[in-house]
Asker: 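Got a structure for you, questions after.
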Amino acid sequence: MEMDDLPKGELPPHLELQRTRVVCAADAPSYTESVQYSGAYMAYDVDNSLRMEDFRKNFRVEIKSLNEDDIEFDLIGIDAALANAFRRILIAEVPTVAIEKVYIANNTSVIQDEVLAHRLGLVPIKADPRLFDYKTDEEIANEKNTIVFKLDVECTHMGERVKNASDQLKWLPAGSEMPPDSKTKFTSFGCSQDSLPAFTSEAIASRYPDIVLAKLRPGQAIEIEAHAVKGIGKTHAKWSPVATAKYRMLPEVVLLEDIEGDLADELVRTCPVNVFDIEDMGPGERRATVARPRDCTLCRECVRGDGWDKRVQLRRVKEHFIFSIESTGALPPEVLFTESIKILTEKCQRILTELL
């Protein structure tokens, strides 16, 4: 088919829409596949292959919000496979420090030993994992691969139960205080951890001080020692540094025609997240506008009614992702993403080394 009016090297509008957008109709989405091979649009003299120069020119990261625990940013000019790689690395391969071994000297509470150990393992530890080494089962615990905590509490009050929270976990920078038995030597610290420059700025402790570990009645007591080591979420979820790591394609809401009067009011009422707004056009005239497209959750309420799919079209931008990270507290969320980039880079370098 000849299209003389089409500029050389450009796709017709309907193909450009299919290449860059996912169209979300009332029943199902369309054009969900990603086309990146070089010969896909050869007839239009368009090379769609992935080139590093083009990637560097188009790729951007825009931070939208950032606080102590959460970050939301946009990854622009990236494929879904890479966005998902970052998500999986954040969940399973960025290391943190978590309690692995719990030595119980006394536990007369109603919580069983194994349940108490499990609760302790899920307590986020405020310690930079980059300062520690991995520890194998054969290695002796030392100041570079183990953090020792002690919990020694007893209820002496009469009446109500006493809550024991995570702020009662006491860091032992000199290592274990338990006497070594004939089979196990708990720690072999060459020096106190608080004497090392890396730990002098802030003491190691639970990230959140109000996590309830147990409730004790009068006469009940807990005396334990917990050893935290470095690990990754692939081994156990307690080492996962994120509560959530997710992404979604940028929503794009397009009005195919002017929606005015009562139809505009109906459209505004239909949307549960207030994507649309009313624009005053003069005496007695009003028109619907797309005010907050980023808030669209793709509920499709605006296109379900009779004829509304001819007035409103919902799209997703294929190479624009809204990425959200919620840290458990071991590391700031922006540091977590930086660490995931380093891990992905190491994976790529390892593959190149093995291929060569």
Side-chain angles (χ1 to χ4, degrees), residues 1-36 40-46 48 54 58-60 62 64-65 72-80 83 246-324:
M1 181 177 62
E2 295 183 2
M3 301 183 67
D4 297 333
D5 57 338
L6 186 69
K8 199 68 172 176
E10 293 185 14
L11 293 176
H14 70 283
L15 287 182
E16 184 66 18
L17 177 67
Q18 295 178 21
R19 188 183 71 86
T20 61
R21 300 292 189 271
V22 176
V23 178
C24 305
D27 52 352
S30 304
Y31 317 133
T32 57
E33 69 279 357
S34 179
V35 180
Q36 288 190 336
Y41 306 110
M42 187 181 299
Y44 299 99
D45 197 22
V46 173
N48 198 48
D54 295 335
N58 298 325
F59 178 68
R60 302 196 313 275
E62 297 179 358
K64 299 299 182 181
S65 64
E72 182 179 292
F73 56 93
D74 288 3
L75 291 175
I76 305 171
I78 198 171
D79 188 69
K246 61 181 181 179
Y247 63 89
R248 61 189 179 105
M249 287 185 285
L250 178 72
E252 186 178 68
V253 183
V254 179
L255 299 180
L256 303 178
E257 61 181 42
D258 289 339
I259 302 175
E260 302 175 343
D262 294 338
L263 287 176
D265 295 334
E266 181 182 349
L267 180 61
V268 172
R269 289 194 304 267
T270 300
C271 182
V273 292
N274 298 320
V275 170
F276 304 98
D277 208 346
I278 297 292
E279 181 182 4
D280 190 3
M281 301 298 295
E285 297 183 3
R286 56 193 185 281
R287 182 177 65 185
T289 60
V290 182
R292 292 164 289 274
R294 191 182 181 89
D295 295 339
C296 178
T297 60
L298 208 65
C299 65
R300 296 185 174 93
E301 291 296 325
C302 58
V303 296
R304 292 190 192 279
D306 293 337
W308 279 104
D309 57 341
K310 302 296 190 297
R311 304 185 184 103
V312 181
Q313 188 174 74
L314 302 180
R315 303 172 182 171
R316 296 285 194 180
V317 183
K318 288 184 179 180
E319 296 185 350
H320 190 143
F321 296 94
I322 301 173
F323 211 105
S324 301

Asker: Report yes if some heavy atom in the side chain of Arg316 is under 4.5 Å from a heavy atom in the side chain of Leu298; otherwise report no.
Answerer: yes

Asker: Regarding Glu72 and Lys64, does a basic nitrogen lie under 4.0 Å from an acidic carboxylate oxygen?
Answerer: no

Asker: Rounded to the nearest 0.5 Å, what separation is found between the CD atom of Glu301 and the SG atom of Cys296?
Answerer: 11.0 Å

Asker: Please give me the minimum heavy-atom distance between Tyr247 and Ala80, naming the atom from each residue.
Answerer: OH-O, 4.0 Å

Asker: Return the CD1 to CD1 distance between Ile322 and Ile76, rounded to the nearest 0.5 Å.
Answerer: 10.0 Å

Asker: How about Val23 and Pro29: do any of their side-chain heavy atoms sit closer than 4.5 Å?
Answerer: no

Asker: Could you tell me which residues satisfy ring-ring contact (aromatic ring centres under 6.0 Å, His included) with Phe73, sequence neighbours excluded, listed by chain and number?
Answerer: Phe323, Phe337

Asker: So, taking the atom named CD1 in Ile259 and the one named CH2 in Trp308, what distance separates them when rounded to the nearest 0.5 Å?
Answerer: 5.0 Å

Asker: When rounded to the nearest 0.5 angstrom, what is the spacing between CG in Leu250 and NE2 in His320?
Answerer: 4.5 Å

Asker: Under the 3.5 angstrom rule, does the side chain of Lys318 hit a backbone N or O of Gln18 as a donor-acceptor pair?
Answerer: yes

Asker: Determine the minimum heavy-atom distance between Ala83 and Ile78, stating which atoms define it.
Answerer: N-CD1, 4.5 Å

Asker: Less than 4.5 Å apart, side chain to side chain, heavy atoms only: is that true for Glu319 and Thr20?
Answerer: no

Asker: Where is the tightest heavy-atom contact between Pro251 and Pro293, given as atom of each residue plus distance?
Answerer: CB-O, 3.4 Å

Asker: For residues 267-280, pull every pair meeting side chain to side chain donor-acceptor pair (under 3.5 Å), keeping only residues two or more places apart or in separate chains.
Answerer: Glu279-Arg287

Asker: At what distance, to the nearest 0.5 angstrom, does CD1 of Ile278 lie from CD of Glu260?
Answerer: 10.5 Å

Asker: Can you confirm whether Arg294 sits close enough to Asp74 that some side-chain heavy atom of one is under 4.5 Å from a side-chain heavy atom of the other?
Answerer: yes

Asker: When rounded to the nearest 0.5 angstrom, what distance separates CZ in Arg60 from CG in Leu75?
Answerer: 11.0 Å

Asker: May I ask you to test the Leu255-Arg311 pair for a side-chain heavy-atom distance under 4.5 Å?
Answerer: no

Asker: Quick one: list whatever passes ring-ring contact (aromatic ring centres under 6.0 Å, His included) with Phe276, sequence neighbours left out.
Answerer: none

Asker: How would you list all residue pairs meeting side chain to side chain donor-acceptor pair (under 3.5 Å) that involve residues 25-35, not counting sequence neighbours?
Answerer: Ser34-Asp79

Asker: Residues two or more places apart in sequence or in another chain: which of them pass side-chain contact (heavy atoms from CB on, under 4.5 Å) with Arg21?
Answerer: Leu17, Glu252, Arg315, Val317

Asker: Would you please name every residue forming a side-chain contact (heavy atoms from CB on, under 4.5 Å) with Val303, sequence neighbours left out?
Answerer: Ala26, Arg300, Val312, Leu314

